[in-house]
K.L.:
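Following this message is one structure expressed as C-alpha coordinates.
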2 protein chains.
Amino acid sequence: MDDMDRRILHELGQDARTSLAHLAHVSGLAASSVKRRIARLEELGVIKGYTVRLDHHALGLGLQALIGIFAATGTTREQLTDALTGQEEIVRAWTTAGNADALALIRARDTDHLEQIILRLQRTPGIAHTRTQIFLSELLNRGD
Amino acid sequence: MDDMDRRILHELGQDARTSLAHLAHVSGLAASSVKRRIARLEELGVIKGYTVRLDHHALGLGLQALIGIFAATGTTREQLTDALTGQEEIVRAWTTAGNADALALIRARDTDHLEQIILRLQRTPGIAHTRTQIFLSELLNRGD
DNA sequence: AATGAAAACTAATCAGC
DNA sequence: GCTGATTAGTTTTCATT
(Lines give C-alpha, C1' and ligand atoms only; values in the text may rest on other atoms or scores of the structure.)
Protein backbone atom coordinates (compact mmCIF):
# COMPACT_ATOMS: atom_id res chain seq x y z
CA MET A 1 0.00 0.00 0.00
CA ASP A 2 1.84 3.07 -1.25
CA ASP A 3 0.67 6.46 -2.52
CA MET A 4 0.09 5.03 -6.00
CA ASP A 5 -2.31 2.43 -4.61
CA ARG A 6 -4.12 5.10 -2.61
CA ARG A 7 -4.36 7.28 -5.72
CA ILE A 8 -5.80 4.42 -7.76
CA LEU A 9 -8.30 3.59 -5.00
CA HIS A 10 -9.34 7.23 -4.81
CA GLU A 11 -9.95 7.38 -8.56
CA LEU A 12 -11.92 4.13 -8.45
CA GLY A 13 -13.93 5.61 -5.60
CA GLN A 14 -14.86 8.53 -7.88
CA ASP A 15 -15.62 6.30 -10.84
CA ALA A 16 -15.20 2.55 -10.54
CA ARG A 17 -15.84 2.09 -14.26
CA THR A 18 -12.97 4.30 -15.40
CA SER A 19 -10.46 2.79 -17.84
CA LEU A 20 -6.96 1.56 -17.05
CA ALA A 21 -5.79 4.16 -19.58
CA HIS A 22 -7.26 6.94 -17.42
CA LEU A 23 -5.85 5.46 -14.22
CA ALA A 24 -2.47 5.14 -15.96
CA HIS A 25 -2.68 8.80 -16.97
CA VAL A 26 -3.49 10.14 -13.49
CA SER A 27 -0.98 7.88 -11.71
CA GLY A 28 1.81 8.25 -14.24
CA LEU A 29 2.16 4.45 -14.45
CA ALA A 30 1.65 2.21 -17.46
CA ALA A 31 -1.81 0.67 -17.88
CA SER A 32 -0.41 -2.81 -17.29
CA SER A 33 1.18 -1.67 -14.00
CA VAL A 34 -2.13 -0.21 -12.85
CA LYS A 35 -3.79 -3.50 -13.72
CA ARG A 36 -1.28 -5.46 -11.63
CA ARG A 37 -1.82 -3.15 -8.64
CA ILE A 38 -5.60 -3.45 -8.87
CA ALA A 39 -5.34 -7.24 -9.15
CA ARG A 40 -3.15 -7.28 -6.01
CA LEU A 41 -5.58 -5.04 -4.09
CA GLU A 42 -8.43 -7.37 -5.09
CA GLU A 43 -6.46 -10.46 -4.00
CA LEU A 44 -5.58 -8.84 -0.67
CA GLY A 45 -9.26 -8.07 -0.16
CA VAL A 46 -8.61 -4.33 0.12
CA ILE A 47 -10.95 -3.99 -2.87
CA LYS A 48 -14.05 -5.98 -1.92
CA GLY A 49 -15.92 -5.19 -5.14
CA TYR A 50 -17.45 -2.52 -7.30
CA THR A 51 -20.94 -1.16 -6.99
CA VAL A 52 -23.34 1.35 -8.47
CA ARG A 53 -24.43 4.46 -6.60
CA LEU A 54 -28.19 4.81 -6.96
CA ASP A 55 -30.72 7.56 -6.45
CA HIS A 56 -32.97 5.58 -4.12
CA HIS A 57 -35.51 8.40 -4.07
CA ALA A 58 -35.96 8.00 -7.84
CA LEU A 59 -36.31 4.25 -7.32
CA GLY A 60 -39.16 4.72 -4.85
CA LEU A 61 -37.14 3.95 -1.71
CA GLY A 62 -36.80 7.51 -0.48
CA LEU A 63 -37.33 6.87 3.22
CA GLN A 64 -34.31 6.03 5.35
CA ALA A 65 -34.40 5.10 9.02
CA LEU A 66 -32.14 3.76 11.71
CA ILE A 67 -33.65 1.00 13.79
CA GLY A 68 -32.14 0.23 17.18
CA ILE A 69 -32.39 -3.51 17.85
CA PHE A 70 -32.69 -4.78 21.42
CA ALA A 71 -31.90 -8.48 21.40
CA ALA A 72 -33.62 -11.01 23.64
CA THR A 73 -31.33 -12.40 26.36
CA GLY A 74 -29.32 -15.34 25.05
CA THR A 75 -29.44 -14.27 21.39
CA THR A 76 -26.11 -14.93 19.69
CA ARG A 77 -24.36 -12.67 17.22
CA GLU A 78 -25.03 -15.24 14.48
CA GLN A 79 -28.77 -15.37 15.22
CA LEU A 80 -28.90 -11.58 15.13
CA THR A 81 -27.00 -11.45 11.82
CA ASP A 82 -29.34 -14.04 10.31
CA ALA A 83 -32.42 -12.22 11.56
CA LEU A 84 -31.24 -8.96 10.00
CA THR A 85 -29.94 -10.52 6.76
CA GLY A 86 -33.42 -11.97 6.30
CA GLN A 87 -34.87 -8.47 5.91
CA GLU A 88 -33.97 -7.23 2.45
CA GLU A 89 -34.74 -3.60 3.35
CA ILE A 90 -31.78 -3.52 5.74
CA VAL A 91 -28.83 -1.92 3.98
CA ARG A 92 -26.32 -1.97 6.81
CA ALA A 93 -26.20 -3.14 10.41
CA TRP A 94 -23.70 -2.84 13.23
CA THR A 95 -23.41 -4.02 16.80
CA THR A 96 -22.95 -1.05 19.11
CA ALA A 97 -21.40 -0.08 22.40
CA GLY A 98 -24.40 2.08 23.19
CA ASN A 99 -28.03 1.78 24.14
CA ALA A 100 -29.32 -0.74 21.59
CA ASP A 101 -27.47 -4.00 20.87
CA ALA A 102 -27.44 -3.29 17.16
CA LEU A 103 -28.38 -0.54 14.73
CA ALA A 104 -29.85 -1.29 11.32
CA LEU A 105 -30.00 1.25 8.49
CA ILE A 106 -33.03 0.60 6.36
CA ARG A 107 -34.60 1.92 3.14
CA ALA A 108 -38.37 1.97 2.77
CA ARG A 109 -40.88 3.27 0.23
CA ASP A 110 -42.93 5.22 2.76
CA THR A 111 -44.04 5.17 6.39
CA ASP A 112 -46.46 2.27 5.76
CA HIS A 113 -43.59 0.21 4.42
CA LEU A 114 -41.42 1.26 7.36
CA GLU A 115 -44.12 0.13 9.76
CA GLN A 116 -44.24 -3.29 8.05
CA ILE A 117 -40.47 -3.64 8.44
CA ILE A 118 -40.59 -2.68 12.13
CA LEU A 119 -43.43 -5.13 12.82
CA ARG A 120 -41.57 -7.89 10.97
CA LEU A 121 -38.44 -7.21 13.04
CA GLN A 122 -40.42 -7.18 16.29
CA ARG A 123 -41.94 -10.56 15.39
CA THR A 124 -38.47 -12.00 14.64
CA PRO A 125 -37.22 -14.51 17.26
CA GLY A 126 -34.21 -13.14 19.13
CA ILE A 127 -35.37 -9.53 18.84
CA ALA A 128 -37.02 -8.22 22.02
CA HIS A 129 -37.88 -4.71 20.89
CA THR A 130 -36.83 -1.92 18.51
CA ARG A 131 -36.48 1.84 18.53
CA THR A 132 -36.80 3.70 15.25
CA GLN A 133 -35.33 6.99 14.18
CA ILE A 134 -36.46 8.39 10.83
CA PHE A 135 -34.03 10.31 8.63
CA LEU A 136 -35.50 13.47 7.16
CA SER A 137 -32.89 14.07 4.48
CA GLU A 138 -29.40 13.09 3.44
CA LEU A 139 -26.87 15.89 4.09
CA LEU A 140 -23.84 14.01 2.82
CA ASN A 141 -23.03 10.73 1.08
CA ARG A 142 -19.41 9.99 0.29
CA GLY A 143 -20.02 6.52 -1.12
CA ASP A 144 -18.76 3.44 0.64
CA MET B 1 -38.13 1.67 -15.20
CA ASP B 2 -39.15 -1.89 -15.95
CA ASP B 3 -37.96 -5.27 -14.70
CA MET B 4 -35.07 -5.27 -17.18
CA ASP B 5 -33.78 -1.97 -15.76
CA ARG B 6 -34.08 -3.36 -12.24
CA ARG B 7 -32.21 -6.50 -13.29
CA ILE B 8 -29.42 -4.47 -14.85
CA LEU B 9 -29.20 -2.26 -11.73
CA HIS B 10 -29.09 -5.36 -9.54
CA GLU B 11 -26.24 -6.85 -11.58
CA LEU B 12 -24.33 -3.56 -11.49
CA GLY B 13 -24.89 -3.50 -7.74
CA GLN B 14 -23.15 -6.90 -7.52
CA ASP B 15 -20.33 -5.89 -9.86
CA ALA B 16 -20.30 -2.43 -11.37
CA ARG B 17 -17.36 -3.34 -13.61
CA THR B 18 -19.09 -6.25 -15.33
CA SER B 19 -19.19 -6.19 -19.14
CA LEU B 20 -22.17 -5.28 -21.32
CA ALA B 21 -21.81 -8.79 -22.77
CA HIS B 22 -22.50 -10.29 -19.33
CA LEU B 23 -25.40 -7.92 -18.68
CA ALA B 24 -26.80 -8.81 -22.11
CA HIS B 25 -26.50 -12.50 -21.25
CA VAL B 26 -28.31 -12.27 -17.89
CA SER B 27 -31.01 -9.92 -19.21
CA GLY B 28 -31.52 -11.66 -22.53
CA LEU B 29 -31.15 -8.32 -24.34
CA ALA B 30 -28.54 -7.32 -26.91
CA ALA B 31 -25.44 -5.60 -25.52
CA SER B 32 -26.31 -2.38 -27.35
CA SER B 33 -29.79 -2.39 -25.78
CA VAL B 34 -28.24 -2.79 -22.34
CA LYS B 35 -25.93 0.10 -23.11
CA ARG B 36 -28.85 2.34 -24.12
CA ARG B 37 -30.71 1.47 -20.92
CA ILE B 38 -27.69 2.22 -18.74
CA ALA B 39 -27.15 5.53 -20.56
CA ARG B 40 -30.80 6.46 -19.93
CA LEU B 41 -30.56 5.52 -16.22
CA GLU B 42 -27.43 7.67 -15.96
CA GLU B 43 -29.15 10.61 -17.69
CA LEU B 44 -32.19 10.30 -15.43
CA GLY B 45 -29.88 10.35 -12.42
CA VAL B 46 -31.09 6.95 -11.22
CA ILE B 47 -27.47 5.85 -11.56
CA LYS B 48 -25.45 8.49 -9.69
CA GLY B 49 -22.10 6.82 -10.32
CA TYR B 50 -19.94 3.78 -9.72
CA THR B 51 -17.74 3.19 -6.74
CA VAL B 52 -15.36 0.70 -5.22
CA ARG B 53 -16.22 -1.28 -2.08
CA LEU B 54 -13.22 -1.17 0.23
CA ASP B 55 -12.07 -3.10 3.27
CA HIS B 56 -11.63 -0.06 5.52
CA HIS B 57 -10.19 -2.25 8.26
CA ALA B 58 -7.34 -3.27 5.94
CA LEU B 59 -6.87 0.42 5.08
CA GLY B 60 -6.43 1.34 8.74
CA LEU B 61 -9.87 2.95 9.21
CA GLY B 62 -11.46 0.11 11.15
CA LEU B 63 -13.39 2.18 13.70
CA GLN B 64 -16.90 3.31 12.81
CA ALA B 65 -19.08 5.56 14.92
CA LEU B 66 -22.31 7.47 14.70
CA ILE B 67 -22.12 11.01 16.00
CA GLY B 68 -25.34 12.78 16.95
CA ILE B 69 -25.03 16.49 16.12
CA PHE B 70 -26.94 19.05 18.17
CA ALA B 71 -26.96 22.30 16.22
CA ALA B 72 -26.77 25.73 17.84
CA THR B 73 -30.02 27.70 17.60
CA GLY B 74 -30.23 29.55 14.30
CA THR B 75 -27.93 27.20 12.40
CA THR B 76 -29.18 26.64 8.85
CA ARG B 77 -29.23 23.38 6.96
CA GLU B 78 -26.56 24.78 4.61
CA GLN B 79 -24.24 25.75 7.48
CA LEU B 80 -24.64 22.29 8.96
CA THR B 81 -23.93 20.62 5.59
CA ASP B 82 -20.82 22.77 5.13
CA ALA B 83 -19.62 22.05 8.67
CA LEU B 84 -19.96 18.30 8.12
CA THR B 85 -18.59 18.28 4.55
CA GLY B 86 -15.48 19.95 5.96
CA GLN B 87 -14.67 16.84 8.00
CA GLU B 88 -13.27 14.25 5.62
CA GLU B 89 -13.83 11.40 8.10
CA ILE B 90 -17.60 11.79 7.78
CA VAL B 91 -18.88 9.21 5.31
CA ARG B 92 -22.59 9.96 5.52
CA ALA B 93 -24.84 12.37 7.36
CA TRP B 94 -28.59 12.82 7.69
CA THR B 95 -30.96 15.21 9.40
CA THR B 96 -33.24 13.31 11.74
CA ALA B 97 -36.69 13.45 13.27
CA GLY B 98 -35.27 12.22 16.55
CA ASN B 99 -33.17 13.40 19.42
CA ALA B 100 -30.17 14.93 17.63
CA ASP B 101 -30.60 17.34 14.70
CA ALA B 102 -28.29 15.27 12.53
CA LEU B 103 -26.43 11.99 12.60
CA ALA B 104 -23.01 11.59 11.03
CA LEU B 105 -21.44 8.22 10.23
CA ILE B 106 -17.69 8.44 10.56
CA ARG B 107 -14.63 6.26 9.98
CA ALA B 108 -11.59 6.64 12.21
CA ARG B 109 -8.26 4.88 12.66
CA ASP B 110 -8.67 4.36 16.41
CA THR B 111 -10.20 5.95 19.49
CA ASP B 112 -7.56 8.71 19.55
CA HIS B 113 -8.51 9.67 16.01
CA LEU B 114 -12.20 9.50 16.93
CA GLU B 115 -11.59 11.87 19.84
CA GLN B 116 -9.87 14.34 17.49
CA ILE B 117 -12.87 14.24 15.16
CA ILE B 118 -15.33 14.80 18.02
CA LEU B 119 -13.30 17.72 19.39
CA ARG B 120 -13.06 19.25 15.91
CA LEU B 121 -16.85 18.95 15.49
CA GLN B 122 -17.50 20.46 18.92
CA ARG B 123 -15.28 23.44 18.01
CA THR B 124 -17.14 23.93 14.71
CA PRO B 125 -19.41 27.03 14.66
CA GLY B 126 -23.07 26.05 14.45
CA ILE B 127 -22.55 22.82 16.41
CA ALA B 128 -23.60 23.08 20.07
CA HIS B 129 -22.75 19.57 21.21
CA THR B 130 -22.39 15.97 20.06
CA ARG B 131 -23.22 12.49 21.28
CA THR B 132 -21.12 9.59 20.04
CA GLN B 133 -22.03 5.96 19.65
CA ILE B 134 -19.22 3.56 18.71
CA PHE B 135 -19.89 0.61 16.43
CA LEU B 136 -18.31 -2.61 17.62
CA SER B 137 -18.60 -4.57 14.41
CA GLU B 138 -20.39 -4.62 11.07
CA LEU B 139 -23.11 -7.27 10.92
CA LEU B 140 -24.25 -6.51 7.39
CA ASN B 141 -23.23 -4.31 4.47
CA ARG B 142 -25.32 -4.47 1.31
CA GLY B 143 -23.40 -1.76 -0.54
CA ASP B 144 -24.99 1.58 -1.34
C1' DA C 1 7.98 -4.13 -9.94
C1' DA C 2 7.34 -1.53 -14.27
C1' DT C 3 7.25 -1.05 -19.26
C1' DG C 4 5.57 -1.22 -24.14
C1' DA C 5 3.80 -3.81 -27.85
C1' DA C 6 0.74 -7.43 -29.62
C1' DA C 7 -3.37 -10.18 -29.24
C1' DA C 8 -7.92 -10.79 -27.45
C1' DC C 9 -11.81 -8.80 -25.94
C1' DT C 10 -15.25 -5.16 -25.12
C1' DA C 11 -17.61 -0.85 -25.92
C1' DA C 12 -19.62 2.43 -28.98
C1' DT C 13 -21.84 3.58 -33.18
C1' DC C 14 -25.17 3.26 -36.65
C1' DA C 15 -28.01 1.65 -40.43
C1' DG C 16 -31.98 -1.22 -40.62
C1' DC C 17 -35.95 -3.53 -38.48
C1' DG D 1 -37.20 0.42 -28.78
C1' DC D 2 -34.23 -3.58 -30.33
C1' DT D 3 -30.79 -5.89 -33.34
C1' DG D 4 -26.36 -7.20 -35.38
C1' DA D 5 -22.35 -5.76 -37.94
C1' DT D 6 -18.49 -2.54 -37.94
C1' DT D 7 -15.13 0.44 -35.95
C1' DA D 8 -12.78 2.40 -32.04
C1' DG D 9 -11.03 1.65 -27.70
C1' DT D 10 -9.70 -1.18 -23.67
C1' DT D 11 -7.98 -5.13 -21.28
C1' DT D 12 -4.84 -8.79 -20.95
C1' DT D 13 -0.65 -11.11 -21.75
C1' DC D 14 4.16 -11.45 -22.15
C1' DA D 15 9.02 -10.68 -23.29
C1' DT D 16 12.16 -7.29 -21.68
C1' DT D 17 14.40 -3.99 -18.45
Side-chain angles (χ1 to χ4, degrees), chain A residues 1-62 88 91 107 109 141-144, chain B residues 1-62 88 91 107 109 141-144:
Chain A
M1 276 299 307
D2 60 10
D3 278 353
M4 282 303 181
D5 285 332
R6 274 182 279 273
R7 205 158 179 175
I8 290 166
L9 290 177
H10 181 257
E11 284 294 323
L12 288 174
Q14 302 294 112
D15 177 11
R17 280 177 75 90
T18 194
S19 69
L20 294 179
H22 173 249
L23 292 169
H25 180 254
V26 298
S27 67
L29 296 171
S32 51
S33 305
V34 174
K35 198 214 166 320
R36 298 252 263 82
R37 280 171 179 267
I38 291 174
R40 210 191 70 245
L41 292 167
E42 285 172 347
E43 274 158 34
L44 287 170
V46 173
I47 293 176
K48 292 197 289 182
Y50 305 93
T51 195
V52 63
R53 283 159 48 76
L54 298 170
D55 180 342
H56 295 280
H57 214 281
L59 287 164
L61 286 167
E88 60 170 12
V91 178
R107 290 194 191 279
R109 284 187 296 278
N141 184 347
R142 288 207 179 102
D144 183 50
Chain B
M1 274 300 306
D2 60 9
D3 278 352
M4 282 303 179
D5 285 333
R6 274 182 278 273
R7 206 158 177 175
I8 291 166
L9 290 178
H10 181 255
E11 284 293 324
L12 288 174
Q14 303 292 114
D15 178 10
R17 280 178 75 91
T18 195
S19 68
L20 294 180
H22 173 250
L23 293 169
H25 180 254
V26 298
S27 67
L29 297 172
S32 50
S33 304
V34 173
K35 200 220 165 311
R36 300 252 262 78
R37 281 170 179 268
I38 291 174
R40 210 191 69 245
L41 292 167
E42 285 172 347
E43 274 158 33
L44 288 170
V46 173
I47 292 175
K48 294 196 288 181
Y50 305 92
T51 194
V52 64
R53 284 160 46 78
L54 298 171
D55 180 343
H56 296 281
H57 214 282
L59 287 163
L61 285 167
E88 60 170 13
V91 178
R107 289 193 191 279
R109 284 187 296 278
N141 184 348
R142 287 206 179 103
D144 182 49

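Every chain is numbered from 1 and lettered A, B, ... according to where its sequence line falls, protein lines coming before strand lines. The figures that follow rest on heavy atoms only: side chains count, while hydrogens, waters and symmetry mates do not.
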K.L.:
Please report the distance, rounded to the nearest Å, between CG in B:Leu23 and P in D:dC2.
P.N.:
14 Å
K.L.:
Between A:Asp2 and A:Arg37, is a salt bridge (charged side-chain N to carboxylate O under 4.0 Å, His left out) present by the stated rule, with each step listed?
P.N.:
CA-CA 10 Å; A:Asp2 60 10; A:Arg37 280 171 179 267; 2.7 Å; yes
K.L.:
Think A:Arg36 has a side-chain N or O under 4.0 angstrom from the OP1 or OP2 of D:dT12?
P.N.:
no
K.L.:
Nearest to the side chain of A:Ser19, which nucleotide is it out of D:dC2, D:dT11, D:dT13?
P.N.:
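So the nucleotide nearest the side chain must be D:dT11.
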K.L.:
About how many Å separate CD1 of B:Ile8 and CG of B:Leu29, when rounded to the nearest 0.5 Å?
P.N.:
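Atom-to-atom, B:Leu29:CG and B:Ile8:CD1 are 6.0 Å apart.
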K.L.:
Can you measure A:Ile38 atom CD1 to D:dT13 atom P for me and round it to whole angstrom units?
P.N.:
14 Å
K.L.:
Classify B:Arg37 by what it touches in the nucleic acid, base, sugar-phosphate, or nothing, heavy-atom distance under 4.0 Å.
P.N.:
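Here B:Arg37 touches the backbone only, sparing every base.
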K.L.:
Please give, in whole Å, the distance from D:dT11 P to A:His25 NE2?
P.N.:
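For the pair A:His25 NE2 and D:dT11 P, the rounded distance is 15 Å.
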K.L.:
Please report the distance, rounded to the nearest Å, between CG in B:Leu20 and C1' in D:dG9.
P.N.:
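B:Leu20 atom CG is separated from D:dG9 atom C1' by 13 Å.
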K.L.:
Quick one: CG on B:Leu59 to CZ on A:Arg6, what's the gap to the nearest 0.5 Å?
P.N.:
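B:Leu59 CG to A:Arg6 CZ: 8.5 Å, rounded to 0.5 Å.
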K.L.:
CZ of B:Arg40 versus C1' of D:dC2: gap in Å, rounded?
P.N.:
13 Å
K.L.:
Would you kindly give the NE2-to-C1' distance between A:His22 and D:dT10, to the nearest whole Å?
P.N.:
14 Å
K.L.:
Please walk me through it: do B:Leu54 and A:Leu12 pass side chain to side chain contact (heavy atoms under 4.5 Å, CB included)?
P.N.:
CA-CA 10 Å; B:Leu54 298 171; A:Leu12 288 174; over 6 Å; no
K.L.:
Quick check on D:dT12: is either OP1 or OP2 less than 4.0 Å from any side-chain nitrogen or oxygen of A:Lys35?
P.N.:
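Result: yes.
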K.L.:
Test salt bridge (charged side-chain N to carboxylate O under 4.0 Å, His left out) on A:Asp5 and A:Arg40; report intermediate values, then the result.
P.N.:
CA-CA 10 Å; A:Asp5 285 332; A:Arg40 210 191 70 245; 2.9 Å; yes
K.L.:
Would you grab the first and last nucleotide of DNA chain C (5' to 3') that comes under 4.0 Å of any non-hydrogen atom in chain A?
P.N.:
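Listed 5' to 3', the contact boundaries are C:dA1 to C:dG4.
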K.L.:
How many Å lie between CZ on B:Arg17 and P on D:dT10, as a whole number?
P.N.:
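Taking CZ of B:Arg17 and P of D:dT10, I get 12 Å after rounding.
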K.L.:
CG of B:Leu20 to CD1 of B:Ile38: how many Å apart, nearest 0.5 Å?
P.N.:
5.5 Å
K.L.:
Measuring from atom CG of B:Leu44 to atom CE of B:Met1, what distance do you get when rounded to the nearest 0.5 angstrom?
P.N.:
9.5 Å
